[in-house]
Each structure stands twice: as C-alpha cells, then as structure tokens.
Amino acid sequence: MPETNKTSISNLKDNVGAEVTLQGWLYRGRKSGKVLFLVVRDGTGLCQCVVEKGAIPDEVFEELKRLGAESSLTVTGTVRVEERSVGGFELAVTGAKIVSPAIDYPITPKAHGVDFLLKHRHLHLRSQRQWCIGKIRHTVIDAIRRFFNDNGFTLTDTPILTAMVGEDKQSLFEVDYFGTPIHLTQTGQLHVEAAAMSYGKVYCFGPTFRAEKSKTRRHLTEFWMVEPEVAYIDLDGLLELAENFVSFIVAQVLEQNKSQLETLSVDIDALEKIKPPFYRLTYSEAVEILTGEKTKEFMAGELTELQSRKAEIENRISELEEQQKGQLKQWQKDKNAAELSELQNELTEVDTKIQNNPKHAELAAEFRWGKDLGGSDETIISRMHDKPIFVTHYPKETKAFYMKADRKNEKVVLNFDLLAPKGFGEIIGGSAREDDFDLLAARIEAQGLEAEDYQWYLDLRRYGSVPHGGFGLGVERTVAWITGEKHIRQCIAFPRMMDKVYI
RNA sequence: UCCCCGAUAGCUCAAUUGGUAGAGCGAGCGGCUGUUAACCGCUAGGUCGUAGGUUCGAGUCCUACUCGGGGAGCCA
C-alpha cells in the first residue's frame, strides 16, 4: 500500500481531491456486485468508502467483501464530495489493509432491547447514538469547567470518603475504613463551604454516590455533580449565577455539537430559547398554581391531547397492519414493522400517561402547603414552561439542616430547585446556607446529627461568618435534558443503577 | 418496599378458542457497478426463563420462584 497522508474523517473537508489514509473500523458494509460500500468510523465520524472491483487487487476485494462489522482496517483513497454519502464526503478506495477481522459482532443494524445493549455496553459505546451523546457530555463538562474557571472560581476537590452527612442518612453507601464505618460522599457541599471562606468563589466537581432505591429514568447510584459555592452571595445572586451557567452550557453545546444534535433529532429551536432570565416561582406560588384552576385546565388539556394522540396512533397501527396483510416488497414490510413497533411503544407510554393523568391531577389539586413538591408536581410545573423554572422558598421542615431560614418568614428556607422545561424536571438544587451559629447549631441538634462531627462546620460560623450559598448540578440529568434522551443511564459511559452494575 | 407489564432462534418479535414452533434481521453460500437499516435466491440455527400442577394434549391455563422493564416514594 502506498504511503499517504494519514487523516481523520473530521478533516476530510480539507483534503478533497487528495489521497488519504483513514484508520478505523468497519461500521457497516453493503455490496452490490462489483462495488462495495464500506461505511468506516474512526472515532471522529463516519465515511462511506467505495471500493470498485479492479481498483484494488482481487484478493483484497474478496476479503473486504466478507469483512464483518467492527473489523478494524485502514483504507486509502481519494477524497471527493458526495451528497449521497454520510457526512457529505466519500473515499474512492485505492488500497485497504485489514488490521484485525471481527466475526459475528453482536450489535446489528436492527433494533435491540435495553437489557441487551446494557450487557454489551462496552460495544454499544461505538454506536452512533451513544457516540453523539458522549460527545455532547464532553462539551457539557468542558463548558462547566470553563464557565467557573473564566469567572474567578477556584477548583477545590472534596473527599470521596467522608463521615459527613449532607443530605440524608438513608442514602449512604457504607465502606469499611480500617475497621471504622465511613461512607462515600453524597455531596461535597459542606467541604466546599470551608473552601469558599478561603477563596471566595469555589467549585468541586466529581462523582457522587447515593444509595437511594430509585428505579427511575432520572436516577443513578453513581453520578457526576458540580457544586459551586460563593461567599457574600444571596439567593438572588445564586439564581442569576445558575441561569447564566446553564445558558452557557447550552450555548456551548449548540456551538460545538450541531451535527450530533441533528443526528439525535433534538429540537434545536427549543434549546436556542435557553437564555436568561429563567422563570421564577416561589414554592407558595407553585402550590397555588398546582391547586388552582390553571393546573386543572392544563391537566384536562393534556388528557385530551393524549387521547387524540392515542387515537392517531391506533389509526396508524390498524392502517399499517392492513398494509402488512397485502402484497408488499420485503423492505416495505420491514419499514412498516419498525414503525409498528415504535408505535406500540409510544402507545404503551401514552396509555401510562393517560392512566397517570387523573392521579397526578388529584395529587396536585390536593397538594397542601408544607409537603415537599412530588415528582409529578414538578413535572406539571415543568411541562407548563418552555424555559427552565426556579422554584424557591420551600418549607423548612422538608429541607436539609444547612439551608438558611428566610428572616422575613421563618417557615421557609432560602433555597431553590431548577426545573428543566417540557417535563424533564429537576437538574439543580441549591440554597443560601445558614450563617448564624446559634440557628445552625439548633438545626443540627433538631435533626439528630452527631454534634461532634459538625464542630468544624460550625467553626465556619464562629470565625468570620458571611452570607454564602451554592448549588449542585447533575451532569447526566443535564445531558439527558439537552439530548432529549429519556433515560439518564444513556448519558454516562458505564451507568451504575440500583441492584445493577453490568461492567 | 409497593403497584403494573414482560421473558419463544445470536437480536427484535409472531403463533387464533389449549391441537405439527414461524418471520425479519444477523451468520454462511450464490447473484447484482450507486447502495443508504440496500435488494433477490438458497442454507444452517429452538430444552418456548426455572420448578411444579391441570389436561388425551400446554409456548398458550394455574401456583411458586428467578431475571428484566416501567411507575411510586426520595433526589442531582
């Protein structure tokens, strides 16, 4: 094989007309007599490579014709613009070398179930959809760091092994630490508060562990969370910080991952709306909305919409089923079958929503001030809006001990949740921290926490206490929201779920 | 922990009131010089999740268990 320019698929646009060599894997192959169409992936994208019989030695042509999916290979050829090809470029192959042939690659171009794909996660990462999500996750994480680094924040790494309970004792993973029980961190917040008193503006960013027995599309037992903490800030300041932060992340993804968003068929217009200011609601206002006419009408409207969607789906299903009975080309049958199975899935989902709608409407209507906002309540608020919504000033009793009581209304704390729009739900939780020594000491005692363990935390109020606060943003939830992925397990390379760790 | 649903070929799914286990994809062989989840022909591929029960007869009905999915609570 001639020595030519090694390049990547992402750089093909600068090599039109040149002979280059790609190093990658066979994503998919098609053959048509004396022409082979090999779609090659190299980690930077996909490229169709066209092999004409006679353009390369016959034995290489025969080898390529039989090459299994995900075989590794290098291909050399001339780059040309070709509209019909994925990515817009094509390689007219002049030479190829098989690096390592793959036989019986388990993941095929047809549909697979969730369990199967999770069991083959190490291979599934090579698929288009996963690849796109991973690229977007990378941008999200890069944007997180850049935002804080460019705005005067100092990174402080907080411990993963800790004796502190930040949120809730029930949800801790216990580890044996030289004979003493200790647990995996569920938040870096308490430690990062100490750092904020040194640097002013800080953030920690790392894995977080929660042993919550939650089997839902919004939960992982190990996830990544970034937690900024700022000295001399009030609740309004925090909201402003959070909306600028989230808007920056979305803007970065829009700038750097357009093609991935398109591949994932994300609603890009909706993302372009994500700019400050976000909506602001107090908890009490949220309660009013939930128990009021507006929600009643909204839920009724949703139900009508769901029912007409259901009718639509059912019509289409019977239409397709009728077609399937007739004489059709195999490819048409395949296509119909695929559409049918998608419709069946959607139908099940719509049915569940129809069933849940009255229950959720009832829960919302019966909501009483003082309870924590339930998942369905958050979803309703979130579905009513097209931009993220802050919900602030929750009842003190439902919230963590360190949240600052509102001096104007001692029943509530100066906290906030940020709900992503269109039904996605919570991606940020944060608060101003109690900075009064006596009030904080009383809260620690009231919650039955070991006072001794929290002496250092109280020291932060003994020596130069200032108003301060921060929040935590869940990386996987943010990625899921931006990519439109239903389940956050798709948004981390190797998800850890309750009772289930595949590899 | 509670509620709902599911388990049939490597994968995704069919199998009528209980009556001879099927299709597509994938794999193998052959055909086709512009395919896009290509197409056409042929071939191989099964302990119907496990254990019991009902029945002349069970993939189908009953019971228990195992595994999985979705939802609730809780949360990022």
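Letters A, B, ... mirror the listed sequences (proteins, then strands); counts begin at 1. Excluded from the calculations below are hydrogen atoms, water molecules and symmetry mates; all remaining heavy atoms, backbone and side chain alike, are included. As the structure is a prediction and not an experimental result, all values here were calculated from the model.
Checking A:Glu193, A:Gln189, A:Gln447, A:Glu434 one by one against A:Tyr402, the side-chain hydrogen bond (donor to acceptor under 3.5 Å, both in side chains) holds for a single residue, A:Gln189.
Comparing B:G34, B:G71, B:A76 against the side chain of A:Glu82 picks out B:G34 as the nearest. Relative to the side chain of A:Ile428, the nucleotides B:G71, B:U35, B:A76 differ in distance, and B:A76 lies closest. In this structure, of B:G34, B:A72, B:G30, it is B:G30 that holds the atom nearest to the side chain of A:Arg66. Proximity note for A:Thr216 (side chain, C-beta onward) versus B:C11, B:G71, B:U35: the nearest is B:G71.
A:Leu473 comes within 4.0 angstrom of nothing in the nucleic acid, heavy atoms only. Among the protein residues, A:Phe223 comes within range of the nucleic acid bases, having at least one heavy atom under 4.0 Å from a base atom. Residue A:Arg28 is classed as a sugar-phosphate contact, given heavy-atom separations below 4.0 Å to backbone atoms only. The residue A:Arg129 sits apart from the nucleic acid: no heavy atom pair falls under 4.0 Å. In this structure, A:His112 reaches the sugar-phosphate backbone alone: every heavy-atom distance under 4.0 Å involves primed, P, OP1 or OP2 atoms, never a base. At a threshold of 4.0 angstrom between heavy atoms, the contacts of A:Gln48 include nucleobase atoms, whether or not backbone atoms are also involved. The residue A:Gly68 sits apart from the nucleic acid: no heavy atom pair falls under 4.0 Å. Among the atoms of the strands shown, none is found under 4.0 Å from any heavy atom of A:Glu83. Residue contacts shown for A:His487 are limited to sugar-phosphate atoms, with no base heavy atom under 4.0 Å away.
The salt bridge (charged side-chain N to carboxylate O under 4.0 Å, His left out) test applied to A:Lys371 returns no partner, not counting sequence neighbours. Annotation: salt bridge (charged side-chain N to carboxylate O under 4.0 Å, His left out) contacts of A:Arg477 (sequence neighbours excluded): none.
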Chi angles and distances behind the salt bridge (charged side-chain N to carboxylate O under 4.0 Å, His left out) call for A:Glu476, A:Arg137
CA-CA 8 Å; A:Glu476 291 77 15; A:Arg137 180 187 167 104; 2.9 Å; yes

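Put simply, OH on A:Tyr27 is 10 Å from C1' on B:A37, counting in whole angstrom units. Computed from coordinates, the A:Tyr203 OH to B:A76 C1' distance equals 18 Å when rounded to whole Å. Summarising the geometry, the separation between CG on A:Leu38 and P on B:G34 is reported as 16 Å, rounded to the nearest angstrom. Spacing between atom CD1 of A:Ile103 and atom P of B:A27 amounts to 12 Å, rounded to whole angstrom units. Look at CG on A:Leu117: it is 20 Å from P on B:C25, rounded to the nearest Å. In this structure, CZ of A:Arg218 is placed 10 Å from C1' of B:A76, rounded to the nearest angstrom.
Aromatic ring orientation, A:Phe416 versus A:Phe390: perpendicular (interplanar angle above 60°, classes split at 30° and 60°).
With hydrogens and angles left out, the side-chain atoms of A:His112 and A:Thr108 include a donor and acceptor closer than 3.5 Å. Counted by atom type alone, A:Arg433 and A:Ser431 present one or more donor-acceptor pairs between their side chains at under 3.5 Å. Looking only at atom types and distance, the side chain of A:Glu485 has no donor-acceptor partner in the side chain of A:Gln490 under 3.5 Å away. Of the N and O atoms on the side chains of A:Asn415 and A:Tyr283, not one donor lies less than 3.5 Å from an acceptor on the other residue. Under the 3.5 Å distance criterion, with hydrogens and angles disregarded, no donor-acceptor pair is assigned to the side chains of A:Thr263 and A:Gln128. Checking A:Glu222 against A:Thr208 by side-chain atom types alone, no donor-acceptor pair falls below 3.5 Å. Of the N and O atoms on the side chains of A:Gln48 and A:Arg30, at least one donor lies less than 3.5 Å from an acceptor on the other residue.
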Under 3.5 Å, which protein N or O atoms sit close to an N or O of nucleotides 44-46 of chain B? Give each pair with its distance.
none

Tabulate protein N/O versus nucleotide N/O from nucleotides 31-33 of chain B, keeping only pairs under 3.5 Å, one per line.
unit_1	atom_1	unit_2	atom_2	d
B:C32	N3	A:Gly33	N	3.0
B:C32	N4	A:Gly33	N	3.4
B:U33	OP2	A:Lys34	N	3.4

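Residue-environment remark: CD (A:Glu240) stays at or below the threshold of 12 foreign heavy atoms within 6.0 Å. Atom NZ of A:Lys399 has more than 12 neighbouring heavy atoms from other residues, nucleotides or ligands inside a 6.0 Å radius.
In terms of position along RNA chain B, the nucleotide closest to A:Pro106 lies nearer the 5' end than the nucleotide closest to the other residue of the pair A:Pro106 and A:Lys399. Checking A:Leu220 against A:Phe37, the closest nucleotide of RNA chain B that is more toward the 5' end is the one next to A:Phe37.
Remark: A:Lys387 fails to qualify as a cation-pi partner of A:Phe278 under the 6.0 Å distance and 45° angle criteria applied to the six-membered ring.
One donor-acceptor pair, N or O on each side, does fall under 3.5 Å between the base of B:G34 and the side chain of A:Arg80.
Of the residues in residues 412-423 of chain A, none lies under 4.0 Å from RNA chain B by heavy-atom distance.
Helical stems in RNA chain B, defined as runs of 3 or more consecutive Watson-Crick or G-U wobble pairs with both donor-acceptor distances under 3.5 Å, are listed by first residue as B:1-7 with B:66-72, B:10-13 with B:22-25, B:27-31 with B:39-43, B:49-53 with B:61-65.
Between A:Leu26 and A:Leu67, the shortest heavy-atom contact is CD2-O, 3.6 Å.
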